[in-house]
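Chain A is the first sequence line, chain B the second, and so forth, proteins listed ahead of strands; every chain is numbered from 1.
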There are 2 protein chains.
Amino acid sequence: MTTGAGVGDNQGVGTPVEDTFAEAIATSPRRARTRERLLDAALTLFAEVGVDATSIEAICERAGFTRGAFYSNFSDRSALIDALAAREQGRAISELRDAIEASPWNDVPEGTDDVGAVASVATQLLDALTIDRRWALVNGEMRLMALRDRSLAPAHEARENLLLDAIADEIRRLTACLGRRLAIPDRTFVRLLWAGFQADLEAADRSLGTDHPTTAVELATSWIPEVVTRLTVPAEPSP
Amino acid sequence: MTTGAGVGDNQGVGTPVEDTFAEAIATSPRRARTRERLLDAALTLFAEVGVDATSIEAICERAGFTRGAFYSNFSDRSALIDALAAREQGRAISELRDAIEASPWNDVPEGTDDVGAVASVATQLLDALTIDRRWALVNGEMRLMALRDRSLAPAHEARENLLLDAIADEIRRLTACLGRRLAIPDRTFVRLLWAGFQADLEAADRSLGTDHPTTAVELATSWIPEVVTRLTVPAEPSP
DNA sequence: TGTATCCGATACAGTGGCGTATCGAAAGGT
DNA sequence: ACCTTTCGATACGCCACTGTATCGGATACA
């Protein structure tokens, strides 16, 4: 929806044809590669100097192309942004799935009462979502863009909900595994957890230049267990 | 520190003289008024279309001036941003102080055990801080700017800490008044509260166009009491 | 190997914004 | 009311970026 990626192939640059559907239509391997390189360059520059401050020309230069390549692949700036958001959010979700797959929570015995275990798994999951610091930054900017331009909001919200729901699901499974359940709505809990972790990420980032460099995970483990403990209650009041 | 506001008065526009100290140096009432109008216009436009996307020209136009006025008052774009941040953050803090002053918490009897009361006061305080939706938006963008450009970080962090500390102080006083204390570090708690409330603000904003318009305070009261209850414990284990 | 097609490079207006220099008109003092 | 100072308007040159049209080399297919 909402214009999609928009390959908009055509004969030359001229009119990239409305990138209406297209989507999965046969894109040559070559084309796909340049698209990827352009998206990579955009992600890097967006993170470095901001979305608005990044010129199309700069993106092309960093990707090793000229603007001709850009306009052959994207109708305009916003089409690139859409495509980037779609790609990165998809990547984030699949990373979450991988993390869930690889997570040790499957080994946790059914009746464990160690809330700390859940907390540590939760932290690892959050961490898995933020391997790419660039996207954390750019996504923050897109959040603001969606707040300003209401027409962008639905797409952004949908993308973010996808992720937050996935996290919520996982948290619910984890707590259930310990015979507990959340005392507040899942979504609220995830929101708090996510926001708190974002702050940890920022703090960790800031600490890089100082003499006490820490990681976000270190910071997170100092409060997540306590919060998880206090915001969950034993489940099954009546079995 | 960090360049300050920078009136940088001089003879004409030419070289606005380094806005080194200056600060409280005699600014004519006229000058002060145009500065304010420029800052107001900037705040509005920054919120509407973003900081980077706002041209100096647009700011002047909206304020009813031309660029001559701008360069007579600010050395460049970043000087304006500094001045705006300083003004708005100062405003936020004084609004918090006012809210504390006017808050009904002073009337709460010493031994009240109604955690909900504290929560509602806390919500009102948070609400008081966000009367101006524009600044909430712009401050979010400045957070990102500080994350990208490390040289901006100290000033931003200092400003934000001022506010968060003030909130933390107040929360501590409120909980103490109920004979309880936070089970996690004040700062962590405030961070969660603040982040959660920001999300409520966004949600409230989004709900404006729908058929279920709600306010941030409504949303916040649905979870803050529970969270406050669960994240505090009775104080004075040994009186 | 020849040929049609794809796709990125190059060239070209056109636009908008920046920063400076200069000018004219308010403000403010006496 | 005059003169000085302050301060915003106007005019100028400059540069970065956008979007389109055209061109030429690569690629795939026979």
Problem set entry | OG1 on B/Thr54 to CG on B/Leu43, rounded to 0.5 Å |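 Separation between the atoms: 10.5 Å.
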Once you round it to whole Å, what is the distance between [atom2] of [N] and [atom1] of [X]?
X       : N      : atom1 : atom2 : result
A/Arg31 : D/dA26 : CZ    : P     : 18 Å
A/Tyr71 : C/dC12 : OH    : C1'   : 14 Å
A/Arg35 : C/dC6  : CZ    : P     : 17 Å
B/Asp52 : D/dC17 : CG    : P     : 13 Å
A/Phe74 : D/dG19 : CZ    : C1'   : 16 Å
B/Arg77 : C/dG16 : CZ    : C1'   : 13 Å
B/Phe65 : D/dT10 : CZ    : C1'   : 16 Å
A/Glu57 : D/dC15 : CD    : P     : 15 Å

Out of [options], which nucleotide sits closest to the side chain of [X]?
X       : options               : value
A/Ser28 : C/dC7, D/dA9, D/dG19  : C/dC7
B/Asn73 : C/dG8, D/dG8, D/dC17  : D/dG8
B/Thr34 : C/dC18, D/dG8, C/dG8  : D/dG8
A/Arg30 : C/dA9, D/dA9, D/dT27  : D/dT27
B/Arg67 : C/dC7, D/dA9, D/dA11  : D/dA11
A/Ala69 : C/dG8, C/dT10, C/dC18 : C/dG8
B/Ser72 : C/dC18, D/dT20, D/dG8 : D/dG8

Problem set entry | Modelled atom types, side-chain donor and acceptor of B/Thr44 and B/Arg62, under 3.5 Å |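 Judged by distance alone, the side chains do not pair up.
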Exercise. Got a donor-acceptor contact below 3.5 angstrom from the A/Arg35 side chain to the A/Phe74 backbone?
Worked result: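 No.
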Problem set entry | Sugar-phosphate, base or nothing in reach of B/Thr66, heavy atoms under 4.0 Å |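 Base: the residue B/Thr66, judged by heavy atoms under 4.0 Å, touches a nucleobase.
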Problem set entry | Electrostatic pair A/Arg91:A/Asp98 at N-O distance under 4.0 angstrom |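 Salt bridge: no.
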For this session: Hey, which sits more toward the 5' end of DNA chain C by its nearest nucleotide, B/Pro29 or B/Phe70?
Result: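 Its nearest nucleotide being more 5', the pick is B/Phe70.
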Exercise. How far apart are the closest heavy atoms of A/Asp76 and A/Phe70, and which atoms are they?
Worked result: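 That closest heavy-atom pairing would be O-CZ, 3.9 Å.
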